[in-house]
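To start, the structure itself, in structure tokens.
Worth saying up front: this structure is predicted, and the values here are computed from it rather than measured. The figures here come from the full heavy-atom set of this structure, side chains too, leaving out hydrogens, waters and symmetry mates.
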Amino acid sequence: MTAARRFAAISTSAAPTGQRVLFRQAVVLGGSIAGLMAARVLSDHAEQVLVIERDDLTELDVPDERIAADPVNAVGPRPGVPQGSQVHALLPSGLQQLERWFPGFIEAALTAGAVDPPAATNRFYMDGKLREDPPSGPAAQALVSSRPFLEALIRHRVLALPNVRTVQGRADGLVLDGDRVAGVRYADQEVPADFVVDAMGRSSRLGDWLESYGFGKPPMQRMGIKLNYATALFRRPADATVLTCISIANPGPGKVARIGGFTPIEGDRWTVLVSGYADDRPGRDAGEFRERCVENFPPEFGEVATTAAQVGDVITYHQADSRRRDFHKLTRFPARLVAAGDAVASFNPVYGQGMTSATLHASALSEYLRGEPDLARPALSYFQDVKVVVDAAWQVSTMADLALPHVEGPYPRGYRAIQWASGLVFKASMRDQTINHRLGQVTTMLAHPSALTEPRFLLRALAIGARA
């Protein structure tokens, strides 16, 4: 099956069928969105699911009613998510997966305070020019909120499942029985496990644990991006006519690469992000933040920063690199063990792929467990499906990052051809709705990037370019 068809199967919105119980106890290491989504999938296949997380998830469990009553104060950033207060985006594909695994999620989120901004209130700037028809997926409901708000809604639904429980603690290692996982170590004790999911994030120690048992570490690819960004919250007036604004400035002679955005979130607020690369570092000073909004971004940014009341402090974040662990390249790996979310791959966060990728990894796990797997052997088909998801996000984000003058690679095979085709499609998308729609499907992870390189599609883009 082609990568595009595999991706379509994983990202389907159809309700999963054919679940059967395979395990007595499954264990998830980490209570992030990736871990919570893995626990949701495993609840269909295990008598008990245990989530081990350093933060106390039961203390953080908040029902929808409390969130709706006070969306500003009911939930806050989880201590284990250092970037939790920064701007986060859930792409349409991720929203589709949340509705798939938690039917009624969209309606409940909107009732609790999430925002569905009308299309007329959105603005998209490219190199300072307003695009009348920005790349978009199919007409679908949007869901805009803060990361803590969204995670709280997911967490409450997962912890409400009768066969899911959580304990507070740090996982310290695996217990192996031959070439299969038999348990995990945490808090000086061993917990039996018939299946384990590593959702420990970018800092996952799974590779070290595997090495201690004589297995190899998964090869890691890194792309140094040196991203710096800052986020601030502002009060959003009821009569605001522009709710969402995204600005992308590409590098070039006399131009500095910057990405900024503001989105409406729960509690009648805006969350505003300004970013820079390498030595261009937004600071924590509120005056500097407003100055950047006025001088470096379209007028809508300055209007929000100078007329709306700021709420709280400016919060900064730095990410040195994008990285992926290529588990699919390993020739030897323990059975009954997988990894998900940032433990597999994390990308430049300004493209908003992280949370959506986590939901798709969960659906890849469902595909594997519903496919009558041989549990005595490594979950290679799972890692192949996850590779398809990672490749889709990696190609979109790294192709943009490779255009930055300070990024030194690694360059993919055929980079020049891919770069040429990407530029051709992007320019054609500004003149053709069919191409614009397809580009939007890829950038929002509703379709695999190979959809942009089909011969008939490229010929259409070439013809449009020639006419222009």
- Write down the atom of F457, the atom of V425, and the distance for their closest heavy-atom approach. CE2-CG2, 3.8 Å
- Message: Side chains of R258 and V274, heavy atoms from C-beta outward: is any pair under 4.5 Å?
- Response: no
- Message: Tell me whether D61 is salt-bridged to R66, with the criterion being a basic N under 4.0 Å from an acidic carboxylate O.
- Response: no
- Message: Any heavy-atom pair between the side chains of F124 and I248 that's under 4.5 Å?
- Response: yes
- Item | Contact check, side chains of Y415 and M399, non-hydrogen atoms, under 4.5 Å | yes
- Can K387 and D326 be counted as an ion pair, charged N to O under 4.0 angstrom? no
- Query: Should P282 and N228 count as side-chain neighbours, where that means a heavy-atom distance under 4.5 Å?
  - Reply: yes
- Do side-chain atoms of D321 reach the backbone of R323 as a donor and acceptor pair under 3.5 angstrom? no
- Can you tell me how far CD of Q419 sits from CG of L402, rounded to the nearest 0.5 angstrom? 8.5 Å
- CD1 (I265) and CZ (R147) are apart, to the nearest 0.5 Å, by 14.0 Å
- Query: Is the closest side-chain heavy-atom distance between F289 and V272 below 4.5 Å?
  - Reply: yes
- If only atom types and distance count, is the side chain of Q310 paired as donor or acceptor with the main-chain N or O of G312 below 3.5 Å? yes
- Atom CG of D55 with >12 non-hydrogen neighbours under 6.0 angstrom: yes
- What do you reckon, is CZ of R202 surrounded by more than 12 foreign heavy atoms closer than 6.0 Å? yes
- Message: Could you check whether any side-chain heavy atom of L233 comes within less than 4.5 Å of a side-chain heavy atom of T271, counting everything from C-beta outward?
- Response: yes
- Contact summary for A339 and L206, nearest pair of heavy atoms: CB-CD2, 4.4 Å
- Item | Side-chain donor or acceptor of R6 paired with backbone N/O of V388 under 3.5 Å | no
- Task: Can you measure from OG1 (T443) to CG (L91) and round to the nearest 0.5 angstrom?
- Result: 8.0 Å
- Distance under 6.0 Å and angle within 45° of the ring axis: does R131 meet both against F426? yes
- Task: Start with the C-alpha gap between H361 and V389, add the side-chain angles, then the distance that decides, and say whether side-chain contact (heavy atoms from CB on, under 4.5 Å) holds.
- Result: CA-CA 7 Å; H361 291 182; V389 176; 3.8 Å; yes
- Message: I need the F105 CZ to L98 CG distance, nearest 0.5 Å.
- Response: 5.0 Å
- Message: Show, in sequence, the C-alpha distance, side-chain angles and deciding distance for R324 and D391, and conclude whether the side-chain contact (heavy atoms from CB on, under 4.5 Å) test is met.
- Response: CA-CA 10 Å; R324 58 182 292 177; D391 283 348; 2.9 Å; yes
- Item | Ion pair check, R157 and D64, cut-off under 4.0 Å | yes
- Evaluation steps, side-chain contact (heavy atoms from CB on, under 4.5 Å), between N296 and V256: CA-CA 9 Å; N296 298 337; V256 177; over 6 Å; no
- Message: Using only atom types and a distance under 3.5 Å, with no angle test, would you say the side chain of W270 pairs donor to acceptor with the backbone of L243?
- Response: yes
- Task: For the pair R100 and Q97, evaluate side-chain contact (heavy atoms from CB on, under 4.5 Å) and give the outcome as yes or no after the intermediate values.
- Result: CA-CA 5 Å; R100 181 191 188 202; Q97 292 305 304; 3.6 Å; yes
- Query: So, does T356 use its side chain to make a donor-acceptor pair with the main chain of Q353 at under 3.5 Å?
  - Reply: no
- Query: So which heavy atom on A358 is nearest to which on M37, and how close?
  - Reply: O-CB, 4.4 Å
- Could you state the interatomic distance from CG (L50) to CG (L29), rounded to the nearest 0.5 Å? 9.0 Å
- Query: Which heavy atom of S43 sits nearest a heavy atom of L161, and at what distance?
  - Reply: OG-CD1, 3.6 Å
- Item | Sidechain N-carboxylate O distance under 4.0 Å for R269, E266 | yes
- Item | Q319 CD to Y277 OH distance, which is reported to the nearest 0.5 Å | 10.0 Å
- Task: Kindly check if the number of other-residue, nucleotide or ligand heavy atoms within 6.0 Å of CG (D279) is above 12?
- Result: no
- Message: Main chain of A343, side chain of R325: is a donor-acceptor contact present, judged purely on distance under 3.5 Å?
- Response: yes
- Provide the closest heavy-atom pair for A199 versus V28 in the form atom of the first, atom of the second, distance. CB-CG1, 4.4 Å
- Could you tell me whether the side chain of S275 and the main chain of I259 form a donor-acceptor pair under 3.5 Å? yes
- Item | Check: S93 and L446 side chains under 4.5 Å, non-hydrogen atoms | yes
- Task: Taking T453 for its side chain and S450 for its backbone only, find out whether a donor-acceptor pair lies under 3.5 Å.
- Result: yes
- Message: Taking side chain to side chain contact (heavy atoms under 4.5 Å, CB included) as the definition, give me every residue that meets it alongside S247, ordered by chain and number, with sequence neighbours left out.
- Response: Y125, F297, P298, F301
- Message: Taking the side chain as everything from C-beta on, heavy atoms only, tell me whether W101 gets closer than 4.5 Å to D44.
- Response: yes
- Note on the structure: Only residue of R170, R78, R155 satisfying salt bridge (Lys or Arg N to Asp or Glu O under 4.0 Å) with E53 is R78
- Message: Using modelled atom types and a 3.5 Å cut-off, is there a donor and acceptor pairing between side-chain atoms of H328 and backbone atoms of F383?
- Response: no
- Task: Take K226 and D280 through the test salt bridge (Lys or Arg N to Asp or Glu O under 4.0 Å) and record every step on the way to the result.
- Result: CA-CA 9 Å; K226 299 179 183 178; D280 183 16; over 6 Å; no
- Check for a donor-acceptor pair, side chain of R40 on one end and backbone N or O of I154 on the other, with a separation under 3.5 Å. no
- Item | Salt-bridge contact R438-D432 (side-chain N to carboxylate O under 4.0 Å) | no
- Query: Taking all atoms of both residues into account, what is the closest heavy-atom pair of E300 and C245, and its distance?
  - Reply: CB-SG, 4.2 Å
